[in-house]
J.: 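The structure under discussion is supplied below as structure tokens; questions concerning it will follow.
None of these values were measured; they are calculated from a predicted model. Indexing begins at 1, ligand by ligand and atom by atom, following the structure's order.
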Amino acid sequence: MALFLAETTGISVLFALPRFREGEFGGKITVNASDFPKVNDPPVANNQGKFWMVTTDKGVLALYKVCTHLGCIYAWDNLADRFACPCHGSQFQEDGAYIAGPAPRSLDKFAQEAYNQAGKLVANSDDGSPMPLPSDAVIVKVNTGKKILGKSHF
Ligand code: FES
């Protein structure tokens, strides 16, 4: 009986643990707040977390780098000032909003949290909307385990 309890407790603890560790895709990726581009500057790629770091006049965003059509990796087109997918031509605004092409929805986003030097939470965006960065924010944790689907345009 004791062995059975130990096994079931162990299995329960195993399932209760997070599946992804901090710092790897699927978990929370920490970036410096200063690594986000300035407003009107091109997005910055974060390859570890598979997201684009974007700053709009409403705040910062972390856009999942996978196209919402069939999963190709899209890129920033500096000349056209938009994201463009090389596979079937879908296009998106800097904030991830759908512009054109076969993609059924805008780009997906990740939830974010911002912390100050003391480690205090100073801002968060659970729904993936642009997160205004307070002046004392020093790090941003992008939760790649919490993807918010882009808005459908159908
Ligand atoms: Fe991006 Fe088809 S996968 S447009």
Side-chain angles (χ1 to χ4, degrees), residues 11 14-116 119-154:
I11 289 170
L14 206 61
F15 278 103
L17 292 173
R19 290 194 327 204
F20 300 100
R21 276 180 260 152
E22 189 150 332
E24 66 182 28
F25 184 75
K28 291 182 180 178
I29 307 288
T30 301
V31 297
N32 293 321
S34 58
D35 289 343
F36 276 89
K38 306 282 179 237
V39 176
N40 297 325
D41 280 356
V44 173
N46 182 298
N47 295 328
Q48 178 191 16
K50 303 178 185 175
F51 56 82
W52 285 97
M53 299 161 64
V54 172
T55 304
T56 71
D57 54 359
K58 294 182 181 140
V60 298
L61 289 163
L63 301 174
Y64 187 34
K65 290 177 89 173
V66 174
C67 180
T68 54
H69 180 223
L70 294 177
C72 287
I73 303 299
Y74 63 87
W76 177 252
D77 182 338
N78 242 341
L79 290 177
D81 201 30
R82 61 186 56 181
F83 290 109
C85 183
C87 292
H88 313 101
S90 288
Q91 299 175 25
F92 308 90
Q93 293 175 7
E94 189 179 26
D95 65 357
Y98 171 86
I99 297 174
R105 62 180 191 273
S106 297
L107 296 174
D108 300 334
K109 303 166 185 173
F110 292 122
Q112 306 172 87
E113 301 165 338
Y115 294 86
N116 66 12
K120 181 182 172 205
L121 180 70
V122 291
N124 75 324
S125 171
D126 274 343
D127 62 1
S129 58
M131 179 177 72
L133 270 185
S135 59
D136 63 339
V138 291
I139 63 165
V140 173
K141 292 187 179 192
V142 176
N143 188 351
T144 59
K146 186 167 184 184
K147 184 173 69 177
I148 294 92
L149 297 185
K151 187 177 170 195
S152 171
H153 60 86
F154 290 117

J.: Does K65 qualify as a cation-pi partner of Y74, given the criterion of NZ or CZ under 6.0 Å from the six-membered ring centre and within 45 degrees of its axis?
T.: no
J.: Could you tell me whether any N, O or S atom belonging to H69 is less than 2.8 Å from atom 2 (Fe) of ligand 1?
T.: yes
J.: Heavy-atom pairs closer than 4.0 Å: do any link ligand 1 to the side chain of C72, the backbone, both, or neither?
T.: both
J.: Tell me the nearest of G101, A100, S90 to atom 4 (S) of ligand 1, using heavy-atom distances.
T.: S90
J.: In a single word, yes or no, tell whether C85 and C67 have an SG-SG distance below 2.5 angstrom.
T.: no
J.: Answer yes if the ring centres of F83 and W52 are under 6.0 angstrom apart, and no otherwise.
T.: yes
J.: If you look at H88, which of its N/O/S atoms is nearest to atom 2 (Fe) of ligand 1?
T.: ND1
J.: Answer side chain, backbone, both or neither: which part of C85 comes under 4.0 Å from ligand 1, heavy atoms only.
T.: side chain
J.: Under 3.5 Å, is there a donor-acceptor pair between the side chain of D77 and the main chain of D81?
T.: no
J.: Taking the six-membered ring of F25 as reference, does the cationic atom of K50 (NZ for Lys, CZ for Arg) lie under 6.0 Å from its centre and within 45° of its axis?
T.: yes
J.: Specify the protein heavy atom at minimum distance from atom 3 (S) of ligand 1: its residue, its atom name, and the distance to 0.1 Å.
T.: L70 N, 3.3 Å
